[in-house]
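For reference, the structure is listed below as structure tokens.
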Amino acid sequence: MLARDDESALDLSFREVRERHRTKHVHRLHPYLGKFIPQLVEHFLRRNFRLGDWLLDPFAGSGTALVEANVLGLNAVGVELSAWNALIARVKLGRYDLPLLESEVRDAVAQLEGFVRGARRWPGGGAPSSSGPYLDLWLAPEARAEVLFFRTLIPRYVHGDVLRVILSRATRSARQVAHYDLARPQRPVREPYYCLKHRRICAPITSALKFLRRYALDTVRRLREFAALHTPAEAVILCADARTVGYDGWQFDGVFTSPPYVGLIDYHDQHRYAYELFPDQPDQAAGEIGSPRHGTGRAARETYVGDVATVLRRAPLRPAAHVFVVANDAHGLYPEIARRAGLELVATMHRPVLMRTERDNAQYRESVFHLRKRQ
Ligand SMILES: C[S@@+](CC[C@H](N)C(=O)[O-])C[C@H]1O[C@@H](n2cnc3c(N)ncnc32)[C@H](O)[C@@H]1O
């Protein structure tokens with residue numbers, strides 16, 4: 001085991017961990033609703049795995065488990081359906097020529113500054129008239145011109161995917177939403193408004209430039225920080241449906257994963273701006289397990305049980321593998337999922353979760369199911 005310490009002294013809420021550690025290095029490269037707190041992953045990986053083990057996360061999301069596995073010297077494979085999420089995870093785990101990355105990022109920002117200084121005149125004449133319904137609705141015309149211009153620069157650079165992540169993050173921040181409502185805004189804000197977060201009148205955002213400047217340097221700094229922790233362990237991200245993906249002869253010493261929950265989050269819709277910015281990213285929303293598009297009724301729950309059980313049953317596990325599944329099991333579905341997946345329950349731990357958004361601090365309870373292969 002990588003570590004052992006006094007379990008009784010540990011509080012799985014990680015309440016005492018400060019925001020800056022919860023979002024350390026690459027864990028804040030791009031917003032993602034419903035990601036792990038890295039300290040939770042680290043806690044279980046340290047206690048249950050050895051250097052060089054192979055870990056699987058079949059619902060890899062933005063790659064939190066893979067990042068933490070890598071820092072601990074564990075090889076890891078992640079499967080993720082959403083192309084944009086898989087791209088975020090790959091960018092977090094990439095190895096970069098850091099001086100080149102920094103010069104590319106600075107060059108792109110300098111080009112954008114020139115575009116803004118030149119009154120956002122599109123090179124060679126007319127700007128694109130539409131960027132897609134979401135960006136047309138949520139961005140001011142100036143901000144939209146800036147993000148579209150920045151997008152045209154990306155193919156020039158070696159580290160284009162890093163620039164895509166920077167651009168997507170900046171686009172999200174540049175939307176005309178109230179500062180206190182970034183996570184789930186209802187309608188664009190076009191006039192000055194009373195801001196519940198800052199307790200004063202705030203003006204709607206009209207430009208993306210300051211976000212692109214800020215996130216460009218922040219991203220380089222975070223990737224540099226992670227590069228110092230990166231181990232030579234392998235990290236592979238497969239953009240695929242975990243119900244049908246091929247595992248190519250891999251054998252895993254364990255699983256650490258958090259499946260989508262029934263009807264809670266639409267993992268494509270939360271990054272609508274990214275899918276519009278980068279239409280080459282295929283939209284696989286129809287394959288999402290537990291999608292709110294199917295509701296939370298009895299039929300949706302039954303399909304969910306079958307789907308998650310299929311994913312877990314298909315994981316090629318060594319006999320002694322540990323399987324950890326983190327779930328907000330409001331409907332009590334996991335005992336049946338485990339049974340259908342051929343797993344038995346070793347322990348169930350519970351942890352309170354604080355959902356911090358700009359507007360409120362909602363609390364709910366999450367379970368960590370520790371499972372083993374049924375012998
Ligand atoms: C709770 S999130 C995982 C978040 C992850 N633990 C993190 O820290 O970023 C669940 C993920 O499962 C993905 N997903 C949903 N259906 C899937 C499927 N059929 N195959 C693979 N991934 C799927 C969603 O796109 C989402 O990113």
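This is a predicted model, so every value here is computed, not measured. Computed over heavy atoms, backbone and side chain alike; hydrogens, waters and symmetry mates excluded. When a ligand or atom number is given, it counts from 1 through the structure's own listing order.
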Would you call the rings of Phe278 and Trp84 parallel, tilted or perpendicular, where under 30° means parallel and over 60° means perpendicular?
-> parallel
Could you list, one pair per line, each nitrogen or oxygen of ligand 1 together with any protein nitrogen or oxygen closer than 3.5 Å, giving atom names and the distance rounded to 0.1 Å?
residue: ligand 1; atom: 8 (O); partner: Phe36; partner atom: N; Å: 2.9
residue: ligand 1; atom: 8 (O); partner: Thr64; partner atom: OG1; Å: 2.6
residue: ligand 1; atom: 9 (O); partner: Ser62; partner atom: N; Å: 2.8
residue: ligand 1; atom: 9 (O); partner: Ser62; partner atom: OG; Å: 2.7
residue: ligand 1; atom: 16 (N); partner: Ile289; partner atom: N; Å: 3.0
residue: ligand 1; atom: 19 (N); partner: Asp241; partner atom: OD1; Å: 3.0
residue: ligand 1; atom: 19 (N); partner: Gly287; partner atom: O; Å: 3.2
residue: ligand 1; atom: 20 (N); partner: Ala242; partner atom: N; Å: 2.9
residue: ligand 1; atom: 22 (N); partner: Leu81; partner atom: N; Å: 3.2
residue: ligand 1; atom: 25 (O); partner: Glu80; partner atom: OE2; Å: 2.6
residue: ligand 1; atom: 27 (O); partner: Tyr32; partner atom: OH; Å: 2.5
residue: ligand 1; atom: 27 (O); partner: Glu80; partner atom: OE1; Å: 2.9
residue: ligand 1; atom: 27 (O); partner: Glu80; partner atom: OE2; Å: 3.2
residue: ligand 1; atom: 27 (O); partner: Asn85; partner atom: ND2; Å: 3.2

For a quick test of your reading: what N or O donor-acceptor pairs under 3.5 Å do the side chains of residues 280-289 make, sequence neighbours left out?
residue: Asp280; atom: OD1; partner: Arg164; partner atom: NH1; Å: 3.3
residue: Asp280; atom: OD2; partner: Arg164; partner atom: NH1; Å: 3.4
residue: Asp280; atom: OD2; partner: Arg164; partner atom: NH2; Å: 3.0
residue: Asp283; atom: OD1; partner: Ala285; partner atom: N; Å: 2.8
residue: Glu288; atom: OE1; partner: Tyr267; partner atom: N; Å: 3.1
residue: Glu288; atom: OE2; partner: Tyr267; partner atom: N; Å: 3.1
residue: Glu288; atom: OE2; partner: His268; partner atom: N; Å: 2.9
residue: Glu288; atom: OE2; partner: His268; partner atom: ND1; Å: 2.6

In terms of hydrophobic clusters joined by side-chain contacts under 4.5 Å, are Leu277 and Val109 together?
-> no
Here the salt bridge (Lys or Arg N to Asp or Glu O under 4.0 Å) pairs for residues 304-315, sequence neighbours left out, are Arg243-Asp307
Within residues 79-89 or reaching into it, pairs that qualify as salt bridge (Lys or Arg N to Asp or Glu O under 4.0 Å) - sequence neighbours excluded = none
How far apart are the C-alpha atoms of His30 and Ser168, what are their side-chain angles, what is the distance that settles it, and do they pass the side chain to side chain donor-acceptor pair (under 3.5 Å) test?
-> CA-CA 8 Å; His30 193 283; Ser168 171; 2.7 Å; yes
